[in-house]
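The structure appears right after this line, and notes come after that.
Atoms considered below: every heavy atom in the structure, side chains included; atoms not considered: hydrogens, waters and symmetry mates.
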Amino acid sequence: MSGMSRKRSHAEALVPAVDTSQEFSLAPVAPPLKKPTKGEKNSSARMRGSHRQALGGKATRLGGKAKRHPTAEKLDKFALMATICKPAPFTNDEEAIRDREACDYTQRITLEMARAGTAPRPIRVYADGIYDLFHQGHARQLMQAKNLFPNVYLIVGVCSDALTHSRKGRTVMSEDERYEAVRHCRYVDEVVPDAPWSLDDEFLDKHKIDFVAHDDIPYTTGSATDVYAHIKERGMFVTTERTEGVSTSDVVSRIVKDYDVYVRRNLARGYSAKDLNVSYINEKKYRLQNKIDDLKKKGKEMFEDIEGKKTDLISKWEEKSREFIDTFLMLFGRDGRLTQYLTEKKDSVMSALSPPSSPKAISQSSEDCNSPPAKSTKFDFSLRGGGSLVDDDYSDDEYEPASM
């Protein structure tokens with residue numbers, strides 16, 4: 001028996017018998033669910049995020065207190081994952097078409113309803129522009145448009161190259177690059193390529209646009225009429241603030257101002273003069289400047305290396321000098337080893353030069369002991385008894401021979 005039949009029999013055992021004679025109606029049975037495809041999963045997640053008010057609202061009143069609906073929190077997570085995990089679809093993609101068809105445009109949303117958060121469906125806000133060199137100013141504008149009201153579905157229109165070049169001037173990025181830059185912004189839900197310069201009622205109805213978001217400065221582009229004047233008259237215009245100090249024109253001005261620097265930079269990175277539209281003479285000039293800068297950089301690094309080694313040598317010399325001074329003082333200082341050694345040797349030499357007197361067996365006067373012995377005189381034979389008459393003089397007088 002299958003699991004379903006087991007559950008059914010168990011339920012039948014618990015439910016009391018029903019009187020079949022009475023008439024009653026049963027709700028239609030829902031068809032069996034089929035496994036959704038990958039594209040349907042992503043679309044369903046986006047639709048759940050965009051329709052969280054219709055499914056349960058942002059908050060419900062329970063016991064007099066506002067509490068967040070748990071289903072709405074889960075839908076917020078799903079919407080966030082759907083927004084940041086893949087690029088936004090183009091307006092002709094199947095996902096965008098499903099979202100547009102699911103929108104009941106007969107329920108018109110006023111500005112008061114949108115600000116109060118009482119709109120019965122997602123609010124479709126449209127923002128347009130060139131978005132060349134997509135920067136933080138563009139991202140901040142789209143972030144403001146996404147957060148104008150609760151539950152916003154943001155549609156962004158990007159003008160083509162042909163329209164932009166004829167109305168505003170040449171762009172740095174191509175239209176395909178600008179489309180891709182916008183659709184990879186996390187705040188964008190749908191991208192309209194080749195967007196019109198001015199918006200008419202047919203375009204608004206086709207994309208089921210509730211409000212148009214742009215800064216409040218009149219956008220005339222050389223004419224006397226603001227391109228958003230018609231939208232402002234219908235009460236469908238909401239303002240965003242411009243980011244001061246950053247724009248595509250500012251970025252281009254920086255590049256033009258430092259043209260030589262960026263050309264030399266790209267030449268050093270392998271770009272050819274043809275790629276940069278640089279003449280032969282200017283190419284050689286820029287390459288020579290790069291060589292000079294390289295030499296300056298190497299010279300600076302060499303001097304810094306020498307300075308570092310010099311500092312190391314000085315620190316080592318100071319350390320060695322301290323050790324030498326300590327060693328010198330240890331040897332030759334007042335209490336040094338050499339002083340002690342010389343003092344000891346001096347005592348030894350003095351004791352050797354002046355030894356102590358030896359003990360005496362016979363006591364004599366100090367005068368007799370210190371006086372030297374008397375010198376002996378010549379022996380006088382005349383004093384001898386019975387001395388000879390012969391002159392036995394052995395003096396040192398010179399011998400003189402007798403005269404003949």
Report task. Give a yes-or-no answer on whether the side chains of Asn282 and Ser279 include a donor-acceptor pair shorter than 3.5 Å. Result -> yes
**Report entry** By side chain to side chain contact (heavy atoms under 4.5 Å, CB included) - contacts of Phe90 (at least two apart)
**Finding:** Asp93, Tyr179, Glu180, Arg183, Val191, Pro193
Query raised in the report: If you draw the axis of the six-membered ring of Phe237, does the NZ or CZ of Lys232 fall within 45° of it and under 6.0 Å from the ring centre?
Result: yes
Query raised in the report: Can Gln141 and Tyr131 be counted as having a side-chain donor-acceptor contact under 3.5 angstrom?
Result: yes
Query - His135 and Asp250 side chains, donor-acceptor separation under 3.5 Å - result: no
Query raised in the report: Centres of the His214 and Tyr219 rings: under 6.0 Å?
Result: yes
**Report entry** Main-chain N/O of Arg124 paired to Asp210 side chain as donor or acceptor, under 3.5 Å
**Finding:** yes
Report task. Say whether Ser160 and Asp194, considering side chains only, have a donor N or O and an acceptor N or O under 3.5 Å apart. Result -> yes
**Report entry** Pairwise distance OH(Tyr262) to CG(Asp258) - rounded to 0.5 angstrom
**Finding:** 5.0 Å
Query raised in the report: Between Lys146 and Asp189, does at least one N-O distance fall below 4.0 Å, as a salt bridge requires?
Result: yes
Requested in this report: Verify whether one side chain among Thr91 and Glu190 offers a donor that lies under 3.5 Å from an acceptor in the other.
Outcome: yes
Requested in this report: Could you tell me whether Arg287 and Glu283 have a side-chain N and a carboxylate O separated by less than 4.0 Å?
Outcome: yes
Requested in this report: Take atom CZ of Arg100 as the centre, draw a 6.0 Å sphere, and report whether it contains more than 12 heavy atoms from other residues, nucleotides or ligands.
Outcome: yes
Query raised in the report: Just checking, is any N or O donor in the side chain of Asp104 or Thr106 under 3.5 Å from an acceptor N or O on the other one?
Result: yes
